[in-house]
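Some notes on the structure that comes next.
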Amino acid sequence: MSKLSKVEKCIQKGKENDLIKLTQDKDMEVRLAAIAGLGKLPDNDNICNTLIGMMNDHSPEVRAACAAALGALKDDRADTYLRYHMEHEQDEKVIAALHDALGALHSR
């Protein structure tokens, strides 16, 4: 089974801890799929805290994916962190993802 298939199975079965492990995979495609998968699970402290922590990743792709997943979770706790990163982020794609995530948080 490929790791991307494993990500899909984890999403379907709600295996957040397995997805969190996959967010650290050496394959960027697997990492991004796992991050997006976390945004599809029911929100909880573990998922929210994992994604917030990953907002400091060196990769702009990871930061953008985390912002999108936080927006998908619609967790109010993410608002402060997203706003902080919006003020300090340099990468245009990440800024766009942060903007979209903040919009998603406030469009209930």
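The shown structure was predicted, so the numbers you read here are calculated from the model rather than taken from an experiment.
- Taking each heavy atom of Ala69 and Leu51 in turn, the nearest pair found is CB-CD1, 3.7 Å.
- Atom CD1 of Ile95 is separated from atom CD of Gln90 by 7.0 Å, given to the nearest 0.5 angstrom.
- Between Gly71 and Ala104, the shortest heavy-atom contact is O-CB, 3.7 Å.
- When atom types are taken as modelled, the side chain of Arg63 and the backbone of Asn56 share no donor-acceptor pair closer than 3.5 angstrom.
- Distance check: Leu102 CG to Leu82 CG gives 5.0 Å after rounding to the nearest 0.5 Å.
- Val7 places none of its side-chain heavy atoms less than 4.5 Å from the side chain of Glu29.
- Residues Asn17 and Asn46 meet the side-chain proximity criterion, which asks for heavy atoms closer than 4.5 Å.
- Scanning for ring-ring contact (aromatic ring centres under 6.0 Å, His included) contacts around His88 gives Tyr84, with sequence neighbours left out.
- Of the residues Leu70, Leu73, Asp79, the one that meets the side-chain contact (heavy atoms from CB on, under 4.5 Å) test with Leu105 is Asp79.
- The two atoms that bring Met28 and Val62 nearest to each other are SD-CG2, 3.8 Å, heavy atoms only.
- Results of the side-chain contact (heavy atoms from CB on, under 4.5 Å) test with Cys48 over Thr50, Asn44, Ile52 single out Ile52 as the only residue that passes.
- Here salt bridge (Lys or Arg N to Asp or Glu O under 4.0 Å) pairs that include residues 44-59, with residues two or more places apart or in two chains, are Arg31-Asp57, Asp45-Arg77.
- Scanning both residues, Leu41 and Gly14, for their nearest heavy atoms gives CD2-CA, 3.7 Å.
- Among all heavy-atom pairs drawn from Ala101 and Ala67, the shortest one is CB-O, 3.0 Å.
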Problem set entry | side-chain contact (heavy atoms from CB on, under 4.5 Å) between Gln24 and Met54, intermediate numbers included | CA-CA 10 Å; Gln24 300 304 314; Met54 292 179 69; 3.9 Å; yes

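- Residue pairs meeting the salt bridge (Lys or Arg N to Asp or Glu O under 4.0 Å) criterion with at least one partner in residues 5-22, sequence neighbours excluded, are absent.
- For the pair Lys74/Ser107, a side-chain contact is recorded, criterion being any heavy-atom separation below 4.5 Å from C-beta on.
- Closest approach of Ala33 and Leu4 over heavy atoms only: CB-CD2, 3.8 Å.
- With salt bridges taken as basic N to acidic carboxylate O contacts below 4.0 Å, none links Lys3 and Asp27.
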